[in-house]
Number of protein chains: 2
Amino acid sequence: MSISQATELLRTAGIPVTQQRVEIVRAMLSFPTHLSADQVFARVRQSVPETSRATVYNTLKLFREKKLVRELIVDPERLVYDSNTSPHYHLYNAENGQLTDVSADELQVIGMPSLPPGLQLEEVDVIIRVRTRSG
Amino acid sequence: MSISQATELLRTAGIPVTQQRVEIVRAMLSFPTHLSADQVFARVRQSVPETSRATVYNTLKLFREKKLVRELIVDPERLVYDSNTSPHYHLYNAENGQLTDVSADELQVIGMPSLPPGLQLEEVDVIIRVRTRSG
DNA sequence: TTCTCTGCAAAAGCTTTGCAACATC
DNA sequence: GATGTTGCAAAGCTTTTGCAGAGAA
């Protein structure tokens with residue numbers, strides 16, 4: 001993604017543009033990806049070496065609030081950021097950390113319980129955990 | 001759960017019996033519960049104050065391997081241990097940490113993708129994330 | 001000037017590890 | 001005595017926070 005495209009995307013989202021944010025957008029949103037905060041940090045460092053880890057972490061939280069990315073909780077070790085914010089599910093291989101999207105057309109959750117009064121649905125996560133076949 | 005019941009349970013699972021393990025079984029498996037490692041630690045401390053945090057953490061990992069408990073990854077802050085190891089799903093309120101079981105009879109996942117060759121299904125997690133109604 | 005953003009370093013929180021002491025068989 | 005278990009403290013990791021300086025409006 002070009003710098004001007006990333007800049008435009010930030011403006012549309014109502015986020016003040018800075019060089020770091022542009023680079024974080026480019027790292028996260030150029031292609032569909034699943035990246036940890038530290039992976040984003042490493043990528044951004046390649047273009048802007050004087051970027052701090054704290055800025056990357058804070059910016060990803062900001063992007064999440066603005067719905068530019070989604071946080072995935074699939075691994076106890078680290079949070080993963082997903083560039084795809086539309087409803088979909090995941091297939092996860094803990095052995096190699098590989099995360100694959102499963103579209104919401106393909107897979108459906110039926111029989112959703114009615115929520116107790118006062119509660120509001122936020123989202124439904126489905127994680128299909130797999131491992132390399134042993135036997 | 002009585003000490004002798006917990007002891008029997010450990011024997012059946014093929015786990016050498018120790019006082020700490022008996023107390024961890026009693027804390028985790030007397031009733032259906034969802035507890036963090038530290039919550040288990042706090043409970044065990046009440047009966048056996050000279051128990052160390054490391055022992056609780058290690059023992060819970062051991063119990064997971066032996067399928068006495070299940071690890072739930074619902075919150076990036078901490079791991080939660082579930083006393084219910086049979087297939088079921090969860091409703092989670094991040095605001096207060098409350099976790100509720102949803103039975104597999106009630107809720108079903110349909111359209112499971114066929115796994116790439118060499119991969120084996122381990123489990124399917126469904127987490128219904130809710131929050132207190134704002135509007 | 002005023003407000004926001006950034007970098008650095010330190011802190012925080014959960015979990016694991018190293019090691020010596022202790023139990024158990 | 002060999003093996004496995006425990007406690008303690010320290011280390012490890014990811015993530016957050018405090019604060020001063022830099023930048024933008």
Side-chain angles (χ1 to χ4, degrees), chain A residues 6-7 10-11 13-25 27-28 34-66 68-82 94 97 99, chain B residues 6-7 10-11 13-25 27-28 34-66 68-82 94 97 99:
Chain A
T7 303
L10 284 168
R11 288 223 178 86
I15 300 172
V17 177
T18 68
Q19 194 192 171
Q20 286 82 350
R21 287 172 181 169
V22 166
E23 290 307 322
I24 294 170
V25 164
M28 269 304 308
H34 304 109
L35 296 174
S36 70
D38 243 51
Q39 287 175 315
V40 174
F41 174 65
R43 292 199 183 192
V44 170
R45 276 270 170 150
Q46 290 176 5
S47 356
V48 186
E50 54 295 317
T51 305
S52 78
R53 195 174 250 105
T55 298
V56 173
Y57 276 84
N58 292 336
T59 302
L60 287 170
K61 292 289 181 202
L62 174 65
F63 285 6
R64 182 204 52 186
E65 277 168 32
K66 300 294 187 177
L68 258 44
V69 300
R70 180 175 162 192
E71 267 180 358
L72 300 182
I73 304 170
V74 292
D75 189 300
E77 309 286 295
R78 76 193 62 42
L79 223 40
V80 172
Y81 288 90
D82 190 343
L99 200 51
Chain B
T7 303
L10 284 168
R11 289 224 178 85
I15 299 172
V17 177
T18 69
Q19 194 192 172
Q20 288 82 349
R21 287 172 183 168
V22 166
E23 291 307 322
I24 294 170
V25 164
M28 269 303 309
H34 303 111
L35 296 174
S36 70
D38 243 51
Q39 287 175 315
V40 174
F41 174 65
R43 293 200 181 191
V44 170
R45 276 269 169 150
Q46 290 176 4
S47 356
V48 187
E50 54 296 316
T51 305
S52 78
R53 194 174 251 105
T55 297
V56 173
Y57 275 84
N58 292 336
T59 301
L60 286 170
K61 293 289 181 200
L62 173 66
F63 284 7
R64 182 205 50 188
E65 277 167 35
K66 299 295 188 178
L68 259 44
V69 299
R70 180 175 162 192
E71 266 180 359
L72 300 182
I73 305 171
V74 291
D75 190 301
E77 309 285 296
R78 76 193 58 71
L79 223 39
V80 172
Y81 288 89
D82 190 344
L99 200 51

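Remember, predicted model here, so these are calculated numbers, not experimental data. In what follows, chains are A, B, ... by sequence order, proteins preceding strands, each numbered from 1.
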Note to self: Just verifying a value: how many Å separate A:Thr18 OG1 and A:Ile24 CD1, rounded to the nearest 0.5 Å?
What the structure shows: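 So the OG1 of A:Thr18 and the CD1 of A:Ile24 are separated by 7.0 Å.
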
Euclidean distance, atom [atom1] of residue [X] to atom [atom2] of [N] [Å, nearest integer]:
X       : N      : atom1 : atom2 : result
B:Glu50 : D:dT6  : CD    : C1'   : 11 Å
B:Glu23 : D:dT6  : CD    : P     : 12 Å
A:Asp38 : D:dT16 : CG    : P     : 12 Å
B:Ile15 : D:dT5  : CD1   : C1'   : 13 Å
A:Glu71 : D:dT14 : CD    : P     : 16 Å
B:Tyr57 : D:dA9  : OH    : P     : 17 Å
A:Leu72 : D:dT14 : CG    : P     : 17 Å
B:Glu77 : D:dT15 : CD    : C1'   : 9 Å

Check: Want to settle it: does B:Gln20 or A:Ala54 sit nearer the 5' end of DNA chain D, counting the closest nucleotide to each?
Finding: B:Gln20

For the residue pair [X] and [Y], establish whether any side-chain heavy-atom pair is separated by less than 4.5 Å.
X       : Y       : answer
A:Phe41 : A:Thr55 : no
A:Ile15 : A:Leu68 : yes
A:Met28 : A:Phe63 : no
B:Arg21 : B:Pro16 : yes

Check: For DNA chain C, which nucleotides open and close the run of contacts to chain B, 5' to 3', at under 4.0 angstrom from a non-hydrogen atom?
Finding: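 Span of nucleotides near chain B: C:dC14 to C:dT17.
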
Checklist line | Residues A:Glu71, A:Lys61: salt bridge by 4.0 Å N-O rule | finding: yes

Notebook entry, point to check: What heavy-atom pair brings B:Ala37 and B:Val56 nearest, and what distance separates the two atoms?
Noted result: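 Heavy atoms of B:Ala37 and B:Val56 come nearest at O-CG1, 3.7 Å.
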
Next item on the list: Using a heavy-atom cut-off of under 4.0 Å over every strand shown, decide if B:Asn58 touches base, sugar-phosphate, or nothing.
Entry: base

Margin query: Counting the atoms with a prime plus P, OP1 and OP2 as sugar-phosphate, which does B:Pro16 contact under 4.0 Å by heavy atoms, base, sugar-phosphate, or nothing?
Written below: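 Sugar-phosphate, backbone atoms only, no base.
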
Notebook entry, point to check: Taking OP1 and OP2 of D:dT6, is either one under 4.0 Å from a side-chain nitrogen or oxygen of B:Thr51?
Noted result: no

Note to self: For a quick test of reading the model: is some side-chain N or O of B:Arg21 closer than 4.0 Å to OP1 or OP2 of D:dT5?
What the structure shows: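 B:Arg21 to D:dT5 OP1/OP2: side-chain N or O found under 4.0 Å.
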
Check: To the side chain of A:Lys61, which of D:dT17, D:dT15, D:dC8 is closest?
Finding: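 Of D:dT17, D:dT15, D:dC8, D:dT15 is nearest to the side chain of A:Lys61.
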
